[in-house]
Number of protein chains: 2
Amino acid sequence: MADQHELRDKGLRLTPQRELVLAAVRELGHSTPEEVAEKVRLTHPGINLSTVYRNLETLENVGLVQHTHLGHGGATYHAAEELTHLHLVCGKCEAVGDAPLEIAATFVNALSDEYGFKTDVSHFAIYGTCSNCQ
Amino acid sequence: MADQHELRDKGLRLTPQRELVLAAVRELGHSTPEEVAEKVRLTHPGINLSTVYRNLETLENVGLVQHTHLGHGGATYHAAEELTHLHLVCGKCEAVGDAPLEIAATFVNALSDEYGFKTDVSHFAIYGTCSNCQ
DNA sequence: TAGTTGGTGCGAATAATTCGCAACTCGCTT
DNA sequence: AAGCGAGTTGCGAATTATTCGCACCAACTA
Ligand SMILES: [Mn+2]
Ligand SMILES: [Mn+2]
Ligand SMILES: [Zn+2]
Ligand SMILES: [Zn+2]
């Protein structure tokens, strides 16, 4: 596994649980800690939820996963490689649509130029009303 | 109080607690339910935290207050009239800066034109790194 | 192969928010 | 002015989400 480097370089270990959590996040796309746990338990029923939380945090520190806020509640996780779009969340039907990052380019540049603020447009969802719900 | 209309029209009552919660939100600007409760308790120690939660929800349904997500955690509330800017949240120092809504105009228009998505740019904060923390 | 130290399972502890319900009161009607 | 009914409140308990403490286990390393 190439991920070993990311981990071992920081004195961390590649445990089965950790591999399983990472694999689950990669397969699921956006997913809550609970969903990750369920996925992992399909093949390894013994895994503990707090282990999932701890590994998501560890994997995020190492840069292999990231979290995003899609709704009013908790965070969802995704593989770091996969963050190539922003999320359009409809406040009425709860639908989550995608849009390319480029669509926010002028906005991001303006924030950078005028405020020196480097934006991560996809950390928080873009909230509003989708075309179906107008 | 002009707010009576907003409430009574929907069969709701203007109780002292409700007035106090609304007044606190208006004075505090962005504030968590807990902060609203503390503010109200300065003059009315008896108010219950669940009453604050319920009234914030009610006032939001009626359109007098709104909530926004400034950080990874819970929501903050503000008076509806006051939502005239978007929030730039720094992931490193936690600072919350403001920027005018107009700075997102082309972005909002693009989402409208290309996806039919009507964006509320200030419901979620804009996340990134502030100029001090680069 | 043994030792060091990070990781895991588990149950308890926190924190944040929501509920259930009896008592209370706002606003309306006689 | 008094009465009534439905919306509200206080309170404690219940949920949910996430974090901790700790003894035991196991991944790396020499
Ligand atoms: Mn929200
Ligand atoms: Mn976050
Ligand atoms: Zn919708
Ligand atoms: Zn900063």
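A note on names: the letters A, B, ... follow the listed sequences, proteins ahead of strands, and every chain is numbered from 1.
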task = Name the orientation class of the two ring planes belonging to A:Tyr77 and A:His67 (parallel below 30°, tilted from 30 to 60°, perpendicular beyond 60°).
result = tilted

note = Whole-Å distance, A:Asn55 CG to C:dG6 C1', equals 11 Å

ask   = Can you tell me how far CD of B:Glu19 sits from CG of B:Leu22, rounded to the nearest 0.5 angstrom?
value = 8.5 Å

inquiry  = Taking the nucleotide of DNA chain D with the nearest heavy atom to each, does B:Ser50 or B:Arg18 sit closer to the 5' end?
reply    = B:Arg18

key: Test ring-ring contact (aromatic ring centres under 6.0 Å, His included) applied to A:His30 and A:His87, step by step   = CA-CA 11 Å; A:His30 316 126; A:His87 307 101; 4.4 Å; yes

task = Using a cut-off of strictly less than 4.0 Å, decide whether B:Gln17 has a side-chain nitrogen or oxygen near OP1 or OP2 of D:dG10.
result = yes

query = Contact class for A:Gly11 vs. all strands (heavy atom < 4.0 Å): base, sugar-phosphate, or nothing?
reply = sugar-phosphate

request  = Consider only side-chain N and O atoms of A:Thr68 and A:His78, and report whether a donor and an acceptor are under 3.5 Å apart.
outcome  = yes

key: Position toward the 5' end of DNA chain C (nearest nucleotide), B:Gly73 or A:Leu49   = A:Leu49

inquiry  = Without decimals, in angstroms, what is the distance between A:Arg54 CZ and D:dG21 C1'?
reply    = 10 Å

request  = Report the distance from atom NE2 of A:His72 to atom C1' of D:dT16, rounded to the nearest whole Å.
outcome  = 17 Å

request  = Please list residues of residues 24-46 of chain A whose heavy atoms come under 4.0 Å from any atom in DNA chain D, ordered by number; otherwise none.
outcome  = none

key: Neighbours of DNA chain C within residues 56-67 of chain A, by heavy-atom distance under 4.0 Å   = none

message = Would B:Ile126 and B:Val89 count as a side-chain contact (heavy atoms from CB on, under 4.5 Å) here? Give the steps.
response = CA-CA 6 Å; B:Ile126 305 302; B:Val89 173; over 6 Å; no

message = OP1 or OP2 of C:dT17 versus the side-chain N and O atoms of B:Tyr53: is any pair under 4.0 Å?
response = yes

message = As an exercise, state the distance from CD of B:Glu60 to CG of B:Leu56, rounded to the nearest 0.5 Å.
response = 8.5 Å

ask   = Is A:Asn48 near enough to C:dG7 that one of its side-chain N or O atoms lies under 4.0 angstrom from OP1 or OP2?
value = no

ask   = What one-letter contact string describes nucleotides 23-30 of chain D from 5' to 3', where B marks a base within less than 4.0 Å of any protein heavy atom, S marks contact via sugar-phosphate atoms alone, and - marks no contact?
value = ---BBS--

request  = Indicate whether the side chain of B:Thr106 and that of A:Thr106 have a donor and an acceptor atom separated by less than 3.5 Å.
outcome  = yes

task = Grab the CG-P distance between B:Leu22 and D:dT8 for me, whole Å please.
result = 14 Å

ask   = Salt bridge between B:Glu82 and B:Arg26, side-chain N to carboxylate O under 4.0 Å?
value = no

query = Atom CG of A:Leu111 and atom CD1 of B:Ile103: how far apart are they, to the nearest 0.5 Å?
reply = 4.5 Å

request  = Would you check if there is a donor-acceptor pair between the side chains of B:Ser31 and B:Lys39 at a distance under 3.5 Å?
outcome  = no

task = Could you please spell out the steps behind the ring-ring contact (aromatic ring centres under 6.0 Å, His included) verdict for B:His72 and A:His123?
result = CA-CA 10 Å; B:His72 308 198; A:His123 187 79; 5.1 Å; yes

